[in-house]
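Okay, structure first, notes after.
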Amino acid sequence: ARIFNPKSGKTMMLAVDHGYFQGPTTGLKKPRETIMPLLPYADCLFVTRGILRNCISPSANTPVFLRVSGGPSVLGELSNEDITTSMKEALRLNAVGVGLSIFVGEKNEDRTISNLGRLVNEAEEYGMPVLAITAVGKEMARDARYLGLASRIAAEIGAHMVKTYYCEEDFEKVVEGCPVPIVIAGGKKIPERDALQMAFNAISKGAAGVDMGRNIFQSENPVAMIQAIKAVVHENYTVDEAFELFNKLKEKKVVSERV
């Protein structure tokens with residue numbers, strides 16, 4: 001509950017877990033330097049335990065969802081994931097939730113969906129929310145039919161929230177078919193205005209928020225971008241208003257308070 005803004009009912013999650021299979025991702029090569037200035041503007045941080053332990057100040061009070069799955073690198077079969085972090089570890093690190101990927105339609109879909117079931121079983125004992133991320137393989141079309149299938153399966157297995165991709169056509173049907181809140185992934189870096197448009201479209205079609213990474217930390221001004229996305233999510237800014245805010249903040253060369 002802590003990650004949803006009580007006024008808007010939405011959430012602005014910051015995803016910085018990319019290194020768990022990509023290694024030193026562009027924009028996240030020095031995680032502490034990238035993440036700390038963004039933390040004050042995020043409702044929640046989605047992160048691995050290694051980065052949380054080593055790069056996030058213990059005094060930071062942004063709620064954390066912990067990435068608990070992994071296994072393959074970007075060089076291998078991505079669907080070959082297992083649960084890599086225990087529930088005790090998540091509790092020890094004071095996480096407010098845990099998340100893992102499911103790979104519907106991929107080589108190891110059955111194992112990743114079973115992983116989700118096992119994680120939910122364990123999480124329920126502690127009242128820990130579970131976020132299921134519907135990872136999309138290279139061969140998969142990111143259309144409403146596929147995203148709707150993956151999101152519904154995640155909810156049926158017991159996920160409390162689902163992270164999936166936005167699709168231009170029939171996204172509202174993906175939301176309607178999923179009985180738990182959906183947050184959208186930002187995906188690959190796109191121009192700032194396009195990312196704001198995607199967030200606006202998703203929220204207007206029923207998404208409960210965004211869980212963005214590269215479109216924030218790879219932006220020319222990440223601190224300005226996270227504030228612009230947040231204005232769309234929580235304050236009903238139009239795309240034009242949010243892009244204007246981004247440019248205004250960018251010109252000010254925003255320096256965030258240290259956390």
Side-chain angles (χ1 to χ4, degrees), residues 1-15 17 42-46 63-69 96-106 109 112-113 115-117 119-120 123 128-137 140-188 190 194-216 226 229-230 232-236 239:
R2 279 175 61 199
I3 69 163
F4 286 98
N5 181 297
K7 285 184 182 172
S8 69
K10 304 283 194 291
T11 186
M12 162 75 241
M13 297 175 75
L14 175 64
D17 61 317
D43 295 319
C44 179
L45 185 69
F46 189 58
V64 164
F65 257 65
L66 206 60
R67 154 73 69 178
V68 298
S69 68
V96 301
V98 291
L100 58 58
S101 297
I102 62 169
F103 292 79
V104 174
E106 289 289 316
E109 70 164 11
T112 62
I113 292 169
N115 286 344
L116 175 61
L119 185 64
V120 170
M128 180 80 79
V130 174
L131 171 70
I133 299 109
T134 65
V136 179
M140 298 288 166
R142 292 180 185 181
D143 58 20
R145 190 175 175 195
Y146 171 76
L147 299 174
L149 170 72
S151 299
R152 179 57 173 265
I153 287 172
E156 295 269 356
I157 299 296
H160 304 92
M161 286 170 64
V162 172
K163 174 179 176 178
T164 196
Y165 288 94
Y166 175 73
C167 57
E168 284 295 338
E169 208 171 309
D170 293 333
F171 180 73
E172 61 277 7
K173 289 184 180 173
V174 178
V175 175
E176 283 166 14
C178 182
V180 300
I182 283 182
V183 294
I184 65 147
K188 288 180 180 173
I190 55 178
D194 294 351
L196 291 165
Q197 183 74 60
M198 178 169 64
F200 177 85
N201 291 350
I203 295 293
S204 63
K205 290 183 180 180
V210 303
D211 186 14
M212 263 186 195
R214 286 170 288 181
N215 276 296
I216 290 171
I226 194 171
I229 293 282
K230 194 171 184 178
V232 170
V233 173
H234 291 317
E235 297 171 47
N236 298 319
V239 178

Taking the side chain as everything from C-beta on, heavy atoms only, tell me whether M161 gets closer than 4.5 Å to F65.
yes
Separation of L100 CG from L66 CG (nearest 0.5 Å):
11.0 Å
A side-chain contact here means heavy atoms from C-beta on lying under 4.5 Å apart; do V96 and R2 qualify?
yes
Interatomic spacing from CG in N201 to CG in D194 - rounded to 0.5 Å
10.5 Å
Atom OG1 in T164, atom CD1 in I102: separation rounded to 0.5 Å?
8.5 Å
Step-by-step side chain to side chain contact (heavy atoms under 4.5 Å, CB included) determination, M198 to I184
CA-CA 9 Å; M198 178 169 64; I184 65 147; 4.0 Å; yes
Check whether any side-chain N or O of Y146 sits under 3.5 Å from a backbone N or O of V104 as a donor-acceptor pair, and report yes or no.
yes
Nearest heavy-atom contact between F171 and K205 is CD2-CB, 3.9 Å
Should M12 and I226 count as side-chain neighbours, where that means a heavy-atom distance under 4.5 Å?
yes
Where is the tightest heavy-atom contact between N215 and I190, given as atom of each residue plus distance?
OD1-N, 2.8 Å
Are any of the side-chain heavy atoms of V98 and L131 separated by less than 4.5 Å?
no
Find the distance between CG (N236) and CZ (F200) and round it off to the nearest 0.5 Å.
8.5 Å
Before you tell me yes or no, could you show the steps for N115 and I113 under side chain to side chain contact (heavy atoms under 4.5 Å, CB included), namely the whole-Å CA-CA distance, both residues' side-chain angles and the distance that decides it to 0.1 Å?
CA-CA 5 Å; N115 286 344; I113 292 169; over 6 Å; no
Euclidean distance, E235 CD relative to K230 NZ, rounded to 0.5 Å:
8.5 Å
Atom of V174, atom of C167 and distance for their closest heavy-atom approach:
CG2-SG, 4.3 Å
Note, D143 side chain near L147 side chain (heavy atom, < 4.5 Å)
no
Looking at every non-hydrogen atom in both residues, tell me the closest pair between D43 and I3 and how far apart they are.
CB-O, 3.4 Å
Has E156 got a side-chain atom pairing as donor or acceptor with R152's backbone, closer than 3.5 angstrom?
no
Do V233 and T11 come close enough that some side-chain heavy atom pair is under 4.5 Å?
no
Partner of S101 by side-chain contact (heavy atoms from CB on, under 4.5 Å), out of L116, I133, T134:
I133
Rounded distance [0.5 Å steps], CE in M13 versus CZ in F46:
6.5 Å
What one should report as the nearest heavy-atom pair of A207 and V175 is N-CG2, 4.2 Å
To check you understand the geometry: which heavy-atom pair defines the closest contact between K163 and A15, and what is its length?
NZ-CB, 3.8 Å
Is the side chain of H234 donor-acceptor paired with the backbone N or O of S8 at a distance under 3.5 Å, no angle test?
no
Report yes if some heavy atom in the side chain of C44 is under 4.5 Å from a heavy atom in the side chain of F4; otherwise report no.
no
Under the 3.5 angstrom rule, does the side chain of S151 hit a backbone N or O of G148 as a donor-acceptor pair?
no
Just do the side chain to side chain contact (heavy atoms under 4.5 Å, CB included) check on L45 and L14 with the steps written out, would you?
CA-CA 5 Å; L45 185 69; L14 175 64; 3.8 Å; yes
Using side chain to side chain contact (heavy atoms under 4.5 Å, CB included), reason through K10 and I203 one step at a time and then give a plain yes or no.
CA-CA 9 Å; K10 304 283 194 291; I203 295 293; 3.9 Å; yes
